[in-house]
Structure formats: C-alpha cells, structure tokens
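Values in this document were obtained by computation on a predicted structure and should not be read as measured data. Residue numbers begin at 1 in each chain, while the letters A, B, ... track the order of the sequences.
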Amino acid sequence: MSLPVTSSDLAKRLESLQKRKGNSVEMAAIVEVVESVMASMEGDLSTVNLKLYAELESLARYIADAKEEIAALRPDDIRDEHLPTATDELEAIVGATEQATNAILEAVETIEGATGSMTPEVAAPVTDAVTRVYEACNFQDITGQRITKIVKALQHIETKVDALLSAFGEELEEQRKARQVAKAAEKPSKDGNLLNGPQLPDEATKQEDIDALLASFD
Amino acid sequence: MSVDMNMPILIVDDYKTMLRIIRNLLKQLGFNNVDEATDGSTALHKLRDKGYGLVISDWNMEPMTGLQLLREVRADTRLKELPFIMITAESKTENVIAAKEAGVSNYIVKPFNAATLKQKLSSIIGNF
C-alpha cells in the first residue's frame, strides 16, 4: 500500500511533467484537481489510518501463516490417532510390568518357601536374595505412578488440541479430507511400514492364529 | 515391653503388587497376621470392624487418599491412637509436613527396602 503524497510533492512532479510535456495542460488546473482529491481523502485515509491498515494487513498475514503452520501439525491426527495410541501403549506398559512383577514375586515366594528345607547356611543367603528381589519389585509401583502422570499430561494436551480443532474446525476438516484422499491413493505398504512394534494385548494376534495361518500355506 | 508379633496389621495400597511386596517383607520380619485393603474407604471399614495394631498405607489412592484415611482415623475416638505409617512415592517436604500435621506415626518413601521398613516399625512398636 503506497503512502500519500503531499501537495509540494505533487507540485514537483507536475513541474517535471510540464517540462516534458510543455504547457498543453494548465498546471494550475492540475494542482487544483490534485489538491481537491487529497483534501477529500484526508478524512478517510490519514497517514495514521494507512499505518494502521498496514499493521492490520501484516497481522492478518501473520495469523494466516500461523494457521497454515498449525494445520501442518495435523492436530486432528494428534487427537484422533497419536494421543490415543500413546495412552494405550503406556497403559499396556503398566499391565505388562505388573504381570511380569507378579510372575517374579510368585517365583521368589516359591524359593522362599523352600528355604525351610535348606540348611541355615544355605537358607540365609537365599533369604537375603529373596528380600532384595522384593525390594527391587518396588519399581512396578513407581513406574505405574509415573506413567499415570504422563497419561494425565496427555489427556491435558488432548483437551488443548480439541480447543484448537474447534477454533480451526472447517479449514482443518478440509485438509483432513484431502489427506484421506491422498492416503487412499498411496501404494501398498513397503517393508518399513511393517515395523509397528508390539501390538496391544487386546489387538495382538495369538500364537495359535499365527500357527494356523502358517499351516494354511502348506 | 515385648512386641506382639501376632498383632493384626492392615496394609493399604491400590497396587496389588505393592501389597504383596509389603506382606512378604512383613512376613520376613516375623509378622504373619497381615490383612489388606486396596482403597481408603475399604480400609476405614476394616479398621472400624476389627482391632488392628498398625496401619501401613499408601498415599496416592482414589477416591479416598491415604492422607484422608489418616485424618479419618485420627478423628475416630476408637482409632485415634492407632499407629499409622505412610508408605508413598510422595516425597515433597509439604507432603511430609501435611502427613505429620494429620498425625502420621512415621513416613517411608518408595522405593524402600526391608531395613527401612524394620527401622520405622521398631521406632513405633519397639525393637523386635
């Protein structure tokens, strides 16, 4: 957006114009016209106003850029896919460590139960070792509590992402649809796409099913 | 005064693994009369129904926390003198102060070992 010119600027330009074009145009008439135009603009487009418009334009551009960047983060994917997956995986860790800890405890309880039939010289160090295993198994509780804190943090993030999605709902929805179309057009997965790590217990394929699947090739 | 090794002890924790560990450690120390609760409300009912000699409770439980359980115990005329040990991962100074103000007998920070458990028990019920 160009800044307004003053009357003296106009006079100089018109003088230059006169030098090039001669007196075919009455200079006084032109000045009168220009000044009249400038005077009519002052009420609506003062220098301050124009600066304000420029600032607003810049702000609008900044907001549009920010929206594009936020959309590029794919907050809908974060809410619908990444956060629930992360929460499920963390809960699976708690479940697996609890199961493993109980198995360890059961085993050492059996060992401890057998100390009654050992000589005191043998039983003493075995009991000490069993005690150390009990102490070490504290980790499961601590791990569980730490993971619970992380899950709560993720839930907090989910709330914030939800608010973001509400604010940019329509635009993000359009982008999401476009991505779905692009994804559907993707070629079948390559080897890299087969690396998904351990499955969650409820979703995991059982060994018997795998055996049956393998047998079906024979 | 000798310690009654057969006194009933109530351990309270929402992690069953933790209950198992504490029970086993108490058993190693010679205490076999150990009962369990997985939340504060159940613990309070058990405490009011049966005469326990000691409570060992976790703090971080829902809906009733270990601290709330402690306050309920101290507010109950029949239970207010009951020895109460808090075993918790909450190790901030303000937690310890809050527990002390609520009337906790001793405080053990997780993860803990058998020696610490024995030491804290001895400080409350005497050497065994």
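For the set V133(A), T148(A), D141(A), I142(A), the entry with the most heavy-atom pairs within less than 4.5 Å of chain B is D141(A).
Q140(A) places no side-chain N or O within donor-acceptor distance of the main-chain N or O of M18(B), the cut-off being under 3.5 Å.
Both the backbone and the side chain of E106(A) come within contact range of chain B, with heavy atoms under 4.5 Å apart. With a 4.5 Å cut-off on non-hydrogen atoms, N113(B) touches chain A through its backbone and its side chain both.
A heavy-atom distance below 4.5 Å is not found between the side chains of R20(B) and T101(A).
Note that the CD1 atom of I21(B) and the OG1 atom of T131(A) stand 12.0 Å from one another [nearest 0.5 Å]. Remark: Q145(A) CD to K110(B) NZ distance equals 5.5 Å, nearest 0.5 Å. In this structure, CD on E135(A) lies 12.0 Å from CG on N24(B), to the nearest 0.5 angstrom.
Surrounding NZ of K118(B) are at most 12 heavy atoms belonging to other residues, nucleotides or ligands under 6.0 Å away. In this structure, R48(B) places its CZ atom where more than 12 heavy-atom neighbours from other residues, nucleotides or ligands lie under 6.0 Å away. Applying the 6.0 Å contact sphere to CD of Q99(A) captures no more than 12 heavy atoms from other residues, nucleotides or ligands. More than 12 heavy atoms of other residues, nucleotides or ligands sit less than 6.0 Å from atom CD of E81(A). Atom CD of E62(B) has 12 or fewer heavy atoms from other residues, nucleotides or ligands within 6.0 Å.
Between E112(A) and K27(B) there is no salt bridge, since none of the side-chain N atoms of the basic residue sits less than 4.0 Å from a carboxylate O of the acidic one.
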Validation: residues 158-169 of chain A side-chain donor-acceptor distances under 3.5 Å, sequence neighbours left out:
{"residue": "T159(A)", "atom": "OG1", "partner": "Q155(A)", "partner atom": "O", "Å": "2.9"}
{"residue": "D162(A)", "atom": "OD1", "partner": "R79(A)", "partner atom": "NH1", "Å": "2.9"}
{"residue": "S166(A)", "atom": "OG", "partner": "D162(A)", "partner atom": "O", "Å": "3.0"}

